[in-house]
Structures are given as structure tokens and as C-alpha cells.
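One structure below.
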Amino acid sequence: MKTLVRHWVALCILTCGVSAAAKEFTIVTIDAPGAAAASGFGTEGIAISPSSVITGLYAGYSKAMHAYVRTPDGAITTFDAPGAATTSDQSPFPTVGASPGTYAVGMDTAGRVTGYVIDTSNVGHSYLRTPDGAVTMFDVPGAGTGSGQGTFAGSLNTTGAISGNYIDSDGVWHGFLRASDGAITRFDAPGAGKGAGQGTMGGWAQCINAAGAIAGYYVDGNNVNHGFLRAPDGTITGFEAPGAGTGDGQGTFVWAINPAGAITGTYVDGNNVYHGVLRTADGNFIIFDVPGAGTASGQGTQGEGIDPSGAITGYYTDASGVSHGFVRAHHGAITEFDAPDAGTATGQGTFPMTNNPGDTITGFYVDSNGVWHGFVRK
């Protein structure tokens, strides 16, 4: 699970003021039934469909993750995929990926959901869930069967193709594409490292578009991160955001691609500050920083989702370590927002994840008591 997961010709540095919102938006809190209301527990909104159906995950008092689907009228259906562990001995948030249970990460226009489970042996297995609740489980050949290994689906397009990652028995990450007929293609970005914790990662909520292009990032042998684009024909192109750092844990991280092939994410510079990235469909870069973003290590701007028009949503972390949401319109104007009950202490705030063509956004916020809540901004 992502905590906060890449030489092109032209560079455009865009400095934008904060725009006035073109219309009034409301923010509605999402608390899944069964979500624990205590620090380190709660609900996340992860993916949103064009019709504003939302999927995500929540942590109950058993300390395991569970998944949910929320329809636009607010009705929530919870589910656990087969084989998921249902208890844990650690607080689930913010170290989400370390907790057992069911993770819902990607959703398509038809309401199908993909994600993964972590079983009682701490091994990942992936699933596809249809709107009627039928679940198909799958594992990528070559995925490891030890603790922390396995198959981790994350993104689903309109044809039913799924992209994700698997971790082998040596702890190395690899990308995969599962076609709608179940056929699996494994891939590695050129230059990806071959040590534990290194490799190819392409499985967040908006990492595959309708044409089958996959965007993601890879970690090289020096633990530096780089972006990549895998074309539908399997050709992989690596890239670096201008200004990306070259130290351990620095570099370029890619989180989303839209139907036109525009990509967003973030890069970490040599001072460990985050900056928003837009890579246009023709391979040019626009780097952006939200006004108010902090400039110290661990602070800055992170692009998370991108809609068909090129509008980007994400969050920025200010000088006090508090995070705030933003939307960057395709013409560059930036609007900031906060969930009304978001906390104002370090590590708290508002964290948008994905957006849809209707300017609707889902994500989560952390309140003043350290409880996580999903939200929809519409």
C-alpha cells in the first residue's frame, strides 16, 4: 500500500495563484459501518468512478482492513475477499500496507473493484469483484509466498484489465498486467533494481487507462525512484522529472494516468521536499507547487489523481506538517480546500486521492483525534 510509490524536451515551470472556485462544493464525510472511531483507525476513500461510486477501505477494532463500495446516494456495502485475515496486533493507520485484511484500490466504470488481501501468513493475493458481489481471486506466477510477498492489484480500466505489482521470493517488485480473460503479462522497467525493496511498481488507483497504457515508477539498484510509461504494445519508457533528487529514497513517483496519456505524481528533490508533476501526453513536464506548501524535508506538493480534462487533485503539506487538499485545473489555476473536520496538527489534515470527470473527488482526512475518515467533495 502506498504511504507516501519517471528525458523530455521541454520544461515549463508554472507559478499559479490560488483561484476562486468556479462553483460551490460540499464535502461529505464517509465512515464505513464497522470502522473504529479511535486514533489509528477509520476509513479511507481511494477510487471514484465517473458516476461517483467510491471504493476504499476501513479498519475495525479487530485491527484488520475491510473494503467497501459507496453509491452516490450514500449507501455503503462492506466486504471481505476470500482468504483475508480478520485480526491483527497493530494499529492499522498510518502503516496501512502492514495490516492484514482486504484492500480495495481500483474501480472501473461498471462498478467492478480490484485490490488485494493480506492473509494470516502476511502474504498478498489479488481479487476482482463484480457489482453483484462475485469475487475472483488470482496470483501472479512467480509471486513469493513468504511474509510480505505476493500479488497486489491496484488499478482497473474500462476493459477489465488490471495492473499491479507482485513481490517475488527475494523481495523484488515486478509489474503485471492481467487481461480481461485472465491472461497475465509480467514486466520490469529497464533499469529497475534487483534487490529486496527494489523493482517495478505500477498498481495505484489510476495507473492504467482505457487504452491499456500503464504509468508507474521503479526503484533502481541505488534506491532512487524513476517514472515509467508502458505503452499498450508493451514498450516501456523511463523518465525523470526535472529537479528530481538522486539520493536514496529520492526521485520521481507516478500515481495516475488519464485517458489522453497525461501523467501526474510527485518528485522528491535533493532536500527531500516534494513537488507536483504533470507529464503531458507529448512528454513535456510541468512542475508545480501549491502556494502555502512547506519547503522543508517531508513537506511540499503531491499530485495523486488526474481526470480526463487534465485536472489534478492531491495534497500539500505546509510548514507545520499539516496537509491540505488542492485541485489544479488543466489551465494551471489552483484551488485549495480542507475537509471541515480535518485536524490541524502535524500528520493530520486533508488527503485527496482520485477525481472523476464531474469534478468530484474522494480521499480521506485525519481529524484532531487521529481518526481517519473518507470524504467525497462534490
Side chain of [X], backbone of [Y]: donor and acceptor closer than 3.5 Å?
X	Y	result
Asp73	Ala75	yes
Gln299	Ala319	yes
Thr264	Gly305	no
Glu336	Phe326	no
Asn258	Asp307	yes
Thr55	Tyr68	yes
Asn369	Val371	no

Next on the checklist: If I take atom CD from residue Gln149 and atom CG from residue Asp170, how far apart are they, to the nearest 0.5 angstrom?
Outcome noted: 8.0 Å

Next on the checklist: Working to the nearest 0.5 angstrom, can you tell me the gap between Asn225 CG and Asp220 CG?
Outcome noted: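 Asn225 atom CG to Asp220 atom CG measures 8.0 Å (nearest 0.5 Å).
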
Take the angle between the ring planes of [X] and [Y] and call it parallel below 30°, perpendicular above 60°, tilted in between.
X	Y	answer
Phe93	Trp372	parallel
Tyr365	Phe375	tilted
Tyr103	Tyr116	parallel

Looking only at the side chains, is there a donor atom on one of [X] and [Y] sitting less than 3.5 Å from an acceptor on the other?
X	Y	value
Asp367	Gln348	no
Ser126	Tyr166	no
Thr317	Ser323	yes
Thr313	Asn355	no
Asp108	Ser49	no
Asp119	His125	yes

Item to check | Exercise: identify the closest heavy-atom pair between Tyr316 and Gly325 | outcome: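 Residues Tyr316 and Gly325, closest heavy atoms: CE2-O, 4.2 Å.
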
Checklist entry - Gly40 and Pro92: which non-hydrogen atoms are nearest, and at how many Å? => result O-CD, 3.4 Å

Checklist entry - On the ring face of Phe176, is Arg186 found with NZ or CZ under 6.0 Å from the centre and within 45° of the axis? => result no

Checklist entry - So do the side chains of Thr78 and His66 get within less than 4.5 Å of each other, counting heavy atoms only? => result no

